[in-house]
Amino acid sequence: MAITLTPVALERVQRFVAQTPGALGLRFGVTRTGCSGWGHIADLARDEREGDTVFEFGGVRIYVDAQSLALVDGTEIDFAKQGLGETFLFRNPNATAECGCGESFTTQADAA
């Protein structure tokens, strides 16, 4: 099991953590959303919660809740500038389909 960060995403998360008092690392998971069912969520972790699995990548701790773990295991997180904005991108091997706008995804388990 692993969650990885590209070099540019690692640098961005390290900067966010360093600039935020009390931040422990990155909280990563999924939530029900959109037309396909699941959406990735990424935020700063301010606490470790019961059931969290904690990965460490390049000195950054990544906190994943138990419900999200099977849906995000193996994901590579990237960071890119798109037009005038910036965003995290997720290469999730568990996603079998995405909605047209790319905001949500479906897994093989959802199809069953």
Side-chain angles (χ1 to χ4, degrees):
M1 285 193 252
I3 306 297
T4 59
L5 299 157
T6 64
V8 69
L10 176 62
E11 184 275 326
R12 181 60 85 173
V13 172
Q14 287 171 328
R15 189 174 340 145
F16 284 149
V17 171
Q19 293 175 347
T20 307
L24 303 175
L26 177 69
R27 178 159 298 282
F28 178 58
V30 296
T31 187
R32 284 276 186 195
T33 190
C35 48
S36 288
W38 297 106
H40 294 101
I41 52 173
D43 198 0
L44 291 173
R46 290 175 172 74
D47 57 359
E48 185 168 346
R49 301 173 187 163
E50 187 175 334
D52 279 350
T53 297
V54 182
F55 299 94
E56 188 157 333
F57 187 87
V60 170
R61 296 178 64 122
I62 304 167
Y63 297 80
V64 180
D65 66 272
Q67 292 180 317
S68 296
L69 187 57
L71 299 170
V72 299
D73 184 30
T75 298
E76 178 186 62
I77 302 172
D78 196 3
F79 186 81
K81 292 185 179 193
Q82 295 179 334
L84 297 176
E86 300 175 326
T87 188
F88 283 101
L89 305 171
F90 308 100
R91 293 184 192 94
N92 184 342
N94 304 296
T96 56
E98 292 184 350
C99 67
C101 67
E103 185 173 314
S104 61
F105 67 95
T106 302
T107 67
Q108 189 68 33
D110 295 320

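Side chains are part of it too, since the values below use all heavy atoms of this structure and drop only hydrogens, waters and symmetry mates.
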Asks: Not counting sequence neighbours, which residues clear side chain to side chain contact (heavy atoms under 4.5 Å, CB included) with N92? List them please.
Replies: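 Result, side chain to side chain contact (heavy atoms under 4.5 Å, CB included) vs N92: H40, V72, T75, N94, A95, F105.
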
Asks: If you define the side chain from C-beta out and look only at heavy atoms, does anything of T4 sit under 4.5 Å from I77?
Replies: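 No, side chains not in contact.
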
Asks: So, for Y63 and A45, which heavy atoms are closest and what is the spacing to 0.1 Å?
Replies: CD1-CB, 3.4 Å

Asks: Is it true that D52 and R27 make a salt bridge, defined as a side-chain N closer than 4.0 Å to a carboxylate O?
Replies: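 A salt bridge is present here (some side-chain N lies under 4.0 Å from a carboxylate O).
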
Asks: Which atom names give the shortest non-hydrogen contact between I62 and L5, and what distance separates them?
Replies: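 What the structure gives for the nearest pair is CD1-CD1, 4.1 Å.
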
Asks: Taking side-chain hydrogen bond (donor to acceptor under 3.5 Å, both in side chains) as the definition, give me every residue that meets it alongside E76, ordered by chain and number, with sequence neighbours left out.
Replies: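 Testing E76 for side-chain hydrogen bond (donor to acceptor under 3.5 Å, both in side chains), a comparison that skips the adjacent residues, returns R91.
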
Asks: T20 side chain to F16 main-chain N or O, any donor-acceptor pair under 3.5 Å?
Replies: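 The answer is yes, because a donor-acceptor pair under 3.5 Å joins these two groups.
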
Asks: Taking I3 as the starting point, is it possible to reach V54 by hopping between hydrophobic residues whose side chains are less than 4.5 Å apart?
Replies: no

Asks: Minimum heavy-atom separation for G74 and P93, please, with both atom names.
Replies: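 Looking at all heavy atoms of both residues, the closest pair is O-CD, 3.4 Å.
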
Asks: Of all residues at least two apart in sequence or in a different chain, which pass the side-chain hydrogen bond (donor to acceptor under 3.5 Å, both in side chains) check with Q14?
Replies: none

Asks: Are I41 and V17 co-members of a hydrophobic cluster defined by side-chain heavy atoms under 4.5 Å apart?
Replies: no

Asks: List the steps and the verdict of ring pair (Phe, Tyr, Trp, His ring centres under 6.0 Å) for F28 and F55.
Replies: CA-CA 10 Å; F28 178 58; F55 299 94; 9.4 Å; no

Asks: Which atom pairs, donor and acceptor, lie under 3.5 Å between side-chain atoms of residues 80-89 and protein residues at least two apart or in another chain?
Replies:
from : atom 1 : to  : atom 2 : distance (Å)
E86  : OE1    : R12 : NH2    : 3.1
E86  : OE2    : R12 : NH2    : 3.1

Asks: Can you name the residues that form a salt bridge (charged side-chain N to carboxylate O under 4.0 Å, His left out) with E56, not counting sequence neighbours?
Replies: none

Asks: Looking only at atom types and distance, does a side-chain atom of D73 sit under 3.5 Å from a main-chain N or O of A70, one as donor and one as acceptor?
Replies: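 Judged by distance alone, no pair lies under 3.5 Å.
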
Asks: Pair L26, R61 - check side-chain contact (heavy atoms from CB on, under 4.5 Å), show working.
Replies: CA-CA 6 Å; L26 177 69; R61 296 178 64 122; over 6 Å; no

Asks: Taking CD in Q67 as the centre, count heavy atoms belonging to other residues, nucleotides or ligands within less than 6.0 Å. Is the count above 12?
Replies: no

Asks: Kindly give the heavy-atom pair with the smallest separation between T6 and F79, and that separation in Å.
Replies: OG1-N, 4.1 Å

Asks: Treat each ILVMFWY residue as a node, draw an edge where side-chain heavy atoms are under 4.5 Å apart, and state whether L24 and L10 are in one component.
Replies: no

Asks: My understanding is that only residues two or more places apart in sequence, or in another chain, count here; which of them pass salt bridge (charged side-chain N to carboxylate O under 4.0 Å, His left out) with R46?
Replies: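 For R46 there are no salt bridge (charged side-chain N to carboxylate O under 4.0 Å, His left out) partners, ignoring immediate neighbours.
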
